[in-house]
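Heads up, the thing below is written out as structure tokens.
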Amino acid sequence: MALSRLTSRSNTITRPFSAVFSRLISTDTTPITIETSLPFTAHLCDPPSRSVESSSQELLNFFRTMALMRRMEIAADSLYKAKLIRGFCHLYDGQEAVAIGMEAAITKKDAIITAYRDHCIFLGRGGSLHEVFSELMGRQDGCSRGKGGSMHFYKKESSFYGGHGIVGAQVPLGVGIAFAQKYSKEEAVTFAMYGDGAANQGQLFEALNMAALWDLPAILVCENNHYGMGTAEWRAAKSPSYYKRGDYVPGLKVDGMDAFAVKQACKFAKEHALEKGPIILEMDTYRYHGHSMSDPGSTYRTRDEISGVRQERDPIERIKKLVLAHDLATEKELKDMEKEIRKEVDDAIAKAKDCPMPEPSELFTNVYVKGYGTETFGADRKEVKAVFP
Amino acid sequence: MSAIIHGAGAATALSTFNSVDSKKLVAPSRTNLPVRTQKYIVARSDASKKNIGSGLRVRHSQKLIANAVATKEAETSASTGHELLLFEALQEGLEEEMDRDPHVCVMGEDVGHYGGSYKVTKGLADKFGDLRVLDTPICENAFTGMGIGAAMTGLRPVIEGMNMGFLLLAFNQISNNCGMLHYTSGGQFTIPVVIRGPGGVGRQLGAEHSQRLESYFQSIPGIQMVACSTPYNAKGLMKAAIRSENPVILFEHVLLYNLKEKIPDEEYICNLEEAEMVRPGEHITILTYSRMRYHVMQAAKTLVNKGYDPEVIDIRSLKPFDLYTIGNSVKKTHRVLIVEECMRTGGIGASLTAAINENFHDYLDAPVMCLSSQDVPTPYAGTLEEWTVVQPAQIVTAVEQLCK
């Protein structure tokens with residue numbers, strides 16, 4: 001049943017006691033149609049319809065995965081404060097709807113490349129919690145063997161190309177992946193994600209020009225969380241309509257806190273990219289944490305603003321209301337699910353903590369591919385000698 | 001990773017390189033190409049207990065391709081060769097690799113319809129199509145990034161910078177993404193790109209178009225750098241670079257494109273990490289690369305007339321240095337002169353001086369001397385430009401001073 005506006009239904013729906021936990025992630029694919037909360041704004045194209053096809057299984061999966069992502073990021077926050085994660089740690093809580101909606105619309109053959117706020121997207125692409133926490137803590141079992149860190153998560157099998165630290169540098173890479181997809185005639189697209197801060201990088205426009213010139217299947221996704229590090233978007237960009245910035249390239253502005261709107265937009269974008277070439281998606285989203293763990297996040301915005309968004313637009317709350325409205329689960333069952341997720345995350349952290357640090361010889365592996373027997377030296381040229389494998 | 005090994009037993013003394021003849025240039029069939037697992041042993045020199053250091057290795061001969069060393073005798077005795085210019089050799093190498101592997105593609109400014117600003121990609125767009133020989137807009141940062149992204153998926157792009165100096169705009173992509181992605185992804189992605197282009201001081205091209213980028217790129221971990229100097233090694237290095245799984249930067253020189261030489265008809269590949277013995281000798285080792293090789297050879301004529309016997313080595317592999325060949329030479333002659341075009345500070349010569357001093361200090365009878373350009377932007381005026389580049393007369397003086 002279509003809801004024209006999400007209203008919070010009464011939570012005291014009585015359930016027969018036969019409602020079992022295992023019913024929650026049902027294989028029930030009865031279609032449900034959901035209306036997105038806001039219309040799409042389009043530039044040089046026709047916006048897709050607001051009615052999104054979904055199923056109860058998908059709805060519950062959305063809730064579960066988003067809750068998992070949220071829990072993972074909060075746990076990473078505590079680990080960082082406990083000094084188990086060092087360096088830079090950029091958290092994605094608040095933006096989960098973008099990762100989840102995108103995954104629902106595409107296959108594992110479609111490539112995703114993003115910047116450094118990559119933990120949840122890695123999870124969405126099929127990464128495991130153990131790999132995430134091991135990599136964050138620099139252990140051997142991490143997805144990059146502990147040598148990448150928070151900003152360098154990759155998963156080749158699922159076409160997840162990372163994980164990049166330099167702002168904006170991933171967009172030309174993404175266009176290159178799209179070029180390779182066109183060259184090899186795969187019917188796949190590339191989602192090159194970046195933020196509102198990176199939208200002012202020159203290489204983005206260079207890459208977009210090339211993608212439009214050769215009709216490459218590249219979709220540029222701007223996750224507009226309104227702050228580029230500590231600078232608000234109105235202080236950094238003359239034109240904050242990032243979806244229009246492509247000029248001759250069509251664009252779509254999407255409510256990034258609504259997972260179904262994201263899903264619809266990505267589906268639309270994929271069809272567009274395969275036929276007509278690049279398109280820009282602007283996801284209007286928000287991050288609760290600061291830019292990274294070293295940023296409190298409250299010096300350039302008010303706490304009222306943060307809590308206001310959390311109350312009105314939180315993506316998980318939205319899905320929760322939908323689940324309850326469609327009678328797919330009770331409040332208690334969802335709470336139990338969240339408890340289970342919390343335990344899962346804690347177990348993964350404990351397992352990752354037990355994992356050993358990389359061997360010293362790992363310093364020299366993977367510098368070159370099957371390198372030659374060159375020796376290398378440490379800083380004083382007398383210690384740490386190893387032969388490149 | 002180096003593609004191929006030379007067939008002559010590598011442990012033999014350097015003097016055998018002199019006697020390479022055309023019989024060693026074996027033409028492999030496609031099925032004969034060696035598997036990419038190489039074994040390298042770090043070998044210590046027999047006599048000395050000293051710590052020889054990096055780069056010494058004995059290579060196992062395998063199903064092989066040709067010898068990498070081109071001496072004058074070898075070329076003239078290969079009577080079944082064909083003569084061509086250096087840019088044609090590069091084009092031949094590129095075309096052969098593109099025929100062999102459909103993943104190889106070219107991208108750069110004016111490489112397609114125009115045929116390449118130095119004609120290296122002439123005719124390729126007509127043969128392979130516009131997508132495989134891609135004319136990019138003028139955005140080095142983005143198209144280098146694009147090539148690297150394509151390489152992550154398995155393509156093997158050859159990225160051309162119209163002049164090496166323009167690649168400074170792509171430095172972030174080359175350093176962070178090209179060099180480091182294999183490491184930061186824990187080995188998941190390989191970046192088999194070749195980044196090539198002409199650099200070096202030309203004829204009054206001005207400061208911005210006369211840059212020697214090998215000195216800027218040399219510290220980037222994860223890349224290999226080679227410099228070609230003759231049509232023979234240009235074709236060989238181009239092929240090796242394309243076949244390598246590692247990112248390779250191939251430095252060409254603007255003034256060397258019209259060099260003519262006879263190269264073999266059979267397929268051959270040069271070793272990416274090997275130096276080339278140009279002229280064996282006894283008195284002093286002169287290390288050089290790219291265009292300075294010709295200044296050195298010109299100086300060598302004068303030196304021979306004066307009674308000196310210089311050993312000239314074209315180091316070719318700028319990263320990593322072939323310290324095996326260099327080391328053997330130093331042990332023989334005990335004197336080293338480095339002649340290069342880079343600037344004094346932080347150039348290839350500076351790194352090479354440090355490497356030789358650390359590893360072969362006990363074999364040196366005189367300090368390592370390095371002749372390089374000064375730390376100045378290259379001026380336009382012809383006389384000034386001549387003074388900023390090392391000339392043969394300066395090389396002769398330096399050798400005389402070292403051999404006193």
Side-chain angles (χ1 to χ4, degrees), chain A residues 111 113 135 142-149 151-157 159 161-166 169-184 190 202-210 213-214 365-377 381 385 387-388, chain B residues 1-2 36-42 53-57 59 103 105 107 131-132 134 136-155 157 172-173 176-177 180-192 221-222 224 244-246 272-273 320 323 358:
Chain A
I113 188 169
E135 186 62 35
C143 52
S144 302
R145 318 243 282 248
K147 297 196 283 195
M151 298 188 282
H152 298 285
F153 283 21
Y154 304 89
K155 200 162 178 68
K156 189 171 185 183
E157 314 86 65
S159 311
Y161 289 88
H164 295 273
I166 304 292
Q170 75 275 10
V171 179
L173 290 185
V175 169
I177 299 167
F179 172 79
Q181 286 171 333
K182 180 163 184 164
Y183 187 101
S184 317
T190 305
Q203 48 190 325
L204 221 106
F205 296 96
E206 294 176 12
L208 196 58
N209 176 41
M210 289 198 285
L213 200 57
W214 303 315
T365 58
N366 302 128
V367 181
Y368 294 99
V369 178
K370 288 192 198 157
Y372 35 85
T374 309
E375 284 193 335
T376 181
F377 302 85
R381 291 224 151 210
K385 274 182 150 188
V387 178
F388 279 135
Chain B
M1 157 191 110
S2 74
R36 280 188 179 187
T37 50
Q38 315 285 330
K39 294 200 199 74
Y40 289 100
I41 302 175
V42 176
S54 73
L56 291 186
R57 51 212 184 271
R59 297 181 208 112
H103 290 108
C105 56
M107 49 183 79
L131 197 66
R132 254 186 112 179
L134 192 65
T136 62
I138 307 179
C139 45
E140 278 78 10
N141 197 359
F143 73 70
T144 310
M146 197 173 96
I148 295 167
M152 282 169 92
T153 64
L155 287 194
N172 174 54
Q173 297 288 353
N176 288 332
N177 292 335
M180 300 196 197
L181 263 174
H182 186 61
Y183 190 84
T184 56
S185 66
Q188 286 180 63
F189 295 111
T190 59
I191 318 286
Q224 281 185 246
S244 166
E245 293 295 327
N246 291 308
L272 280 178
E273 295 101 20
L323 287 175
E358 275 159 24

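Residue numbers start from 1 in every chain, and the chains themselves are labelled A, B, ... in the order their sequence lines are given, proteins ahead of strands. These figures come from a predicted structure and were not determined experimentally.
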Identify which part of A:Ile166 has an atom lying under 4.5 Å from any heavy atom of chain B, answering side chain, backbone, both or neither. side chain
In terms of the angle between their ring planes, are B:Phe189 and A:Tyr154 parallel, tilted or perpendicular, with boundaries placed at 30° and 60°? perpendicular
Other residues, nucleotides and ligands only: do more than 12 of their heavy atoms fall within 6.0 Å of CG on B:Leu131? yes
Got B:Gln173 and A:Gln203 here, is their nearest side-chain heavy-atom distance under 4.5 Å? yes
Full working for side-chain contact (heavy atoms from CB on, under 4.5 Å) between B:Asn177 and A:Gln170: CA-CA 9 Å; B:Asn177 292 335; A:Gln170 75 275 10; over 6 Å; no
Pairwise side-chain contact, B:Thr153 with A:Gln181, heavy-atom cut-off 4.5 Å (strictly under): no
So what's closer than 4.5 Å to chain A heavy atoms on B:Met107: side chain, backbone, both or neither? side chain
Pick one of side chain, backbone, both or neither for B:Asn172, based on which atoms fall under 4.5 Å of a heavy atom in chain A. side chain
Region of B:Leu155 in contact with chain A, defined by heavy-atom distances below 4.5 Å: side chain
Point-to-point distance, once rounded to the nearest 0.5 Å, from OH of A:Tyr161 to CD of B:Gln188: 10.5 Å
Output yes when a side-chain donor or acceptor of A:Asn366 lies under 3.5 Å from a complementary backbone atom of B:His182, and no otherwise. no
Is there a side-chain contact between B:Leu134 and A:Phe179 in this structure, where contact means two heavy atoms from C-beta onward sitting under 4.5 Å apart? yes
Nearest non-hydrogen partners of A:Pro172 and B:Ala142, listed with the distance: CB-O, 3.5 Å
Heavy-atom cut-off 4.5 Å, strictly under: side chain, backbone, both or neither for B:Thr144 against chain A? neither
Heavy atoms of A:Arg145 and B:Gly186 approach each other most closely as NH1-O, 3.6 Å
Using a cut-off of under 4.5 Å on heavy-atom pairs, state which of B:Gly187, B:Pro221, B:Ala150, B:Ala151 scores highest against chain A. B:Ala150
Taking every heavy-atom pair that is under 4.5 Å apart, which of A:His152, A:Lys155, A:His164, A:Lys182 has the most such pairs with chain B? A:His152
Set of side chain to side chain contact (heavy atoms under 4.5 Å, CB included) partners for A:Leu213, sequence neighbours left out: B:Pro137
With a 4.5 angstrom heavy-atom cut-off, is it the side chain or the backbone of A:Glu157 that approaches chain B, or both, or neither? side chain
Any sub-3.5 Å donor-acceptor pair from B:Gln224's side-chain atoms to A:Tyr368's backbone N or O? no
Side chain, backbone, both or neither of B:Leu181 within contact of chain A (heavy atoms, under 4.5 Å): side chain
Would you say the side chain of B:Phe143 lies within less than 4.5 Å of the side chain of A:Glu206, judging by non-hydrogen atoms? no
